[in-house]
Protein chains: 2
Amino acid sequence: MEASQQGRALRSDAERTVRTILEAAERVLSKNPSASMEQIAEAAGVARTTVHRRFASRDALVSAMEGWATRQFAAAVDSANPETTPPLVALYQVTASVLRVKIDWGFAMSRASSDPEVARVHSEVEDRCERLFLKAQATGLLRADVDPAWARRVYYALIHEAAQSQGDDADTLATLLVDTLLRGVGTDRGLG
Amino acid sequence: MEASQQGRALRSDAERTVRTILEAAERVLSKNPSASMEQIAEAAGVARTTVHRRFASRDALVSAMEGWATRQFAAAVDSANPETTPPLVALYQVTASVLRVKIDWGFAMSRASSDPEVARVHSEVEDRCERLFLKAQATGLLRADVDPAWARRVYYALIHEAAQSQGDDADTLATLLVDTLLRGVGTDRGLG
DNA sequence: CAGAGTTGCAACACTGATGTTGCAAGTGCT
DNA sequence: AGCACTTGCAACATCAGTGTTGCAACTCTG
């Protein structure tokens, strides 16, 4: 084999390999959830055996992706301080933060994990989001005649859609998203 | 084997089997896109070999699902006459009609088919939808400052989300969906 | 009742993906 | 240079899913 492709040994290098594989796996699996380990390895620029050395099984790899993405996810929500700012501000901040993560880790984030810790974090975020929407309705940001559960589903759907965008930065998308969520895309003057 | 499980022969029966398999496949694959033929057969209440007799391969089965769903889809859009009614009416009618199909054929409908005929129908519907949104903007139903492409993406996302609902009928969902699309979920009075 | 048609079941071959191992070779640290 | 570590590669075993076939059994029609 050639020198340039050979191992550079030691821990920091191994960690870099792990990250490279995780990122490649996200890229490949988001396009094709049933892609093979071979395809993932190829995308990461390593041999398939290297992937298996780092992750005992396919499940272990996916679990690691979920774990990594979930930590980023939780950190993103935390950084937005949704409990201590006005609902509109919180909504915007959470949206922008989450989008930054979801754009890069869409596959890993939108999986019902079997890992209890990951599931716990997800349902925790779910709860915080629910509380945010209830508060938003109580303060009059959300219409009183709208089911907050539906509003939340719409919000998730918009996040998912916005995260598919290429080229726009998270802040631009968050602005557009929150505007669309709250005002819709129609005028107020009824029938066209 | 027992009598009650045995074949009842003849053509109308064979057709019923095909339909049963298609419906079971949709049910199973919408929950797990990589489910096996065995699982599909079990859900349909037939032996795996029977599925293989009716559909030469897994691809053939999925293609048949796409074909069936696409025909329903095209018929649904046609029945709504989106070109000959005011945009708001068209939007509502199309939404209700499409939801009726998408609730039952969500998996088969949201796949980029390799069958050129299916792909053609899909892009045709896409075009009609695009024209509808442009018209909606021209007539003032959509705000002038909203990118119609974004509005359409939001619309698709809402359709997808609404189609996941259980228990509500298509008309109720269409009303809710169009209302949310045009007005959003917020009040007009800004910060809460 | 006879024949056509369909099904379930068991058995088989084939394929692609998964996971493992041994070995040679390269890199960085000491 | 020697050591620790990691990688690529080739080879292998295993397994699950796919697709095929032969056969017996059943039902419906005529």
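In what follows, chains are A, B, ... by sequence order, proteins preceding strands, each numbered from 1.
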Q: Check whether any side-chain N or O of B:T50 sits under 4.0 Å from OP1 or OP2 of C:dT6, and answer yes or no.
A: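 Indeed not, no polar side-chain atom of B:T50 lies that close.
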
Problem - Presence of B:T49 side-chain N/O under 4.0 Å of D:dT21 phosphate oxygens OP1/OP2 - result: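 Result: no.
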
Please work out whether the ring planes of B:F133 and B:Y155 are parallel, tilted or perpendicular, with thresholds of 30° and 60°.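 Because their plane-to-plane angle lies in the 30° to 60° range, the rings of B:F133 and B:Y155 count as tilted.
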
Report the residue (A:R48 or A:R53) whose heavy-atom-nearest nucleotide on DNA chain D is the more 5′ of the two.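 Per heavy-atom nearest nucleotide, the more 5' residue is A:R53.
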
Round to the nearest Å and state the distance from [X] atom [atom1] to [N] atom [atom2].
X     : N      : atom1 : atom2 : answer
B:R16 : D:dC28 : CZ    : P     : 11 Å
B:Q39 : D:dA16 : CD    : C1'   : 11 Å
A:R58 : D:dG17 : CZ    : P     : 13 Å
A:M37 : D:dG8  : CE    : P     : 14 Å
A:E38 : C:dG19 : CD    : P     : 13 Å
A:E15 : D:dC5  : CD    : P     : 14 Å
B:H52 : C:dT6  : NE2   : P     : 18 Å

Check: B:R143 main-chain N/O paired with B:Q137 side-chain donor or acceptor under 3.5 Å =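 Yes, B:Q137 side chain to B:R143 backbone: donor-acceptor pair under 3.5 Å.
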
*Could you tell me whether a side-chain N or O of A:T187 sits under 3.5 Å from a main-chain N or O of B:G140, the two making a donor and an acceptor?*
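At least one qualifying donor-acceptor pair exists.
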
Q) So does A:R19 pair up with A:E23, basic N to acidic O under 4.0 Å? A)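 Result for this pair is yes, salt bridge flagged.
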
Per B:R54 side chain, nearest of listed nucleotides D:dG19, C:dT6, C:dA17
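Minimum distance to the B:R54 side chain belongs to C:dT6.
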
